[in-house]
Amino acid sequence: PECHQHPWCRAAAARQGTASARVRQIECEKSVDSMDRQNIDEEIEVDAELVGQMEALGFRREYVTRCVERNMHNLCCSTYWLLHQKQEQDRTKGSRSRATDEAQPP
């Protein structure tokens with residue numbers, strides 16, 4: 001089935017020795033490539049602006065900070081990293097838009 005092609009399913013199969021394909025990090029998983037255990041000792045810097053957005057959604061500031069710092073796999077971190085990805089996309093779009101505007105003659 002199609003769901004078995006998802007990186008999480010393939011990772012579980014790889015850990016159990018039923019698949020030999022290397023599992024790669026997908027774009028929305030910004031925190032750590034947990035399959036290779038890379039960057040596991042690096043401290044994650046928590047973005048105060050994103051924490052503020054999450055507070056507006058009903059999350060407690062301390063809980064968000066603790067979950068993100070510990071790179072927990074839960075609803076809180078999922079929300080944080082999705083907001084982080086959106087923030088990065090918005091910044092990229094904004095810089096492209098400014099570059100296009102500057103390249104156009106007046």
Side-chain angles (χ1 to χ4, degrees):
E2 184 179 334
C3 65
H4 288 200
Q5 297 308 310
H6 190 280
W8 290 343
C9 291
R10 290 182 25 225
R15 283 192 301 273
Q16 294 172 2
T18 58
S20 59
R22 181 184 183 284
V23 178
R24 291 181 30 224
Q25 178 179 6
I26 61 174
E27 185 178 317
C28 67
E29 294 174 343
K30 296 285 187 183
S31 58
V32 171
D33 184 348
S34 58
M35 302 311 117
D36 288 337
R37 307 298 290 168
Q38 293 175 355
N39 303 324
I40 200 70
D41 294 327
E42 290 183 17
E43 187 173 318
I44 297 172
E45 186 176 327
V46 181
D47 186 320
E49 181 182 337
L50 292 178
V51 174
Q53 289 179 30
M54 291 187 65
E55 274 188 305
L57 294 172
F59 290 92
R60 290 186 331 240
R61 177 173 291 277
E62 299 79 22
Y63 181 69
V64 173
T65 302
R66 185 174 66 243
C67 288
V68 173
E69 286 175 345
R70 294 179 182 175
N71 193 33
M72 297 176 75
H73 293 194
N74 58 20
L75 177 64
C76 182
C77 276
S78 297
T79 303
Y80 178 89
W81 291 113
L82 286 169
L83 287 171
H84 182 270
Q85 182 178 15
K86 182 181 182 317
Q87 181 183 62
E88 291 298 313
Q89 288 172 347
D90 290 348
R91 284 183 186 154
T92 302
K93 286 178 187 175
S95 62
R96 280 192 213 140
S97 162
R98 283 191 299 278
T100 302
D101 291 344
E102 292 171 1
Q104 305 237 347

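Note: hydrogens, waters and symmetry copies are ignored here, and every other heavy atom, side chains too, is used. Every value quoted in this text rests on a predicted model; they were computed, and no experiment measured them.
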Side chain to side chain contact (heavy atoms under 4.5 Å, CB included) against E49, all qualifying residues, sequence neighbours excluded: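 Applying side chain to side chain contact (heavy atoms under 4.5 Å, CB included) to E49 gives D47, Q53, Q87.
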Cluster link V46 to L57, ILVMFWY, side chain under 4.5 Å: yes
Minimum-distance pair of heavy atoms, taken over all atoms of Y80 and V51: CE1-CG2, 4.4 Å
M54 side chain reached by L50 side chain, heavy atoms, under 4.5 Å: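 With C-beta onward as the side chain, the pair stays apart.
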Residue pairs fulfilling salt bridge (charged side-chain N to carboxylate O under 4.0 Å, His left out) with at least one residue in residues 72-85, sequence neighbours excluded: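 Passing the test, one end in residues 72-85: no pairs.
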Aromatic ring pairing H84/W81, orientation class (parallel under 30°, perpendicular over 60°, tilted between):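 It falls in the perpendicular class, over 60°.
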Below 3.5 Å, can you tabulate the donor-acceptor pairs from side chains in residues 60-68 to any protein atom, sequence neighbours excluded?
unit_1 : atom_1 : unit_2 : atom_2 : d
R61    : NE     : E55    : OE1    : 3.3
R61    : NH2    : E55    : OE1    : 2.8
T65    : OG1    : R61    : O      : 3.0

Stepwise side-chain contact (heavy atoms from CB on, under 4.5 Å) test for R70 and C77: CA-CA 9 Å; R70 294 179 182 175; C77 276; over 6 Å; no
Atom pair CD/OG1 of E88 and T92 - distance to nearest 0.5 Å: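 Result: 6.5 Å between the selected atoms.
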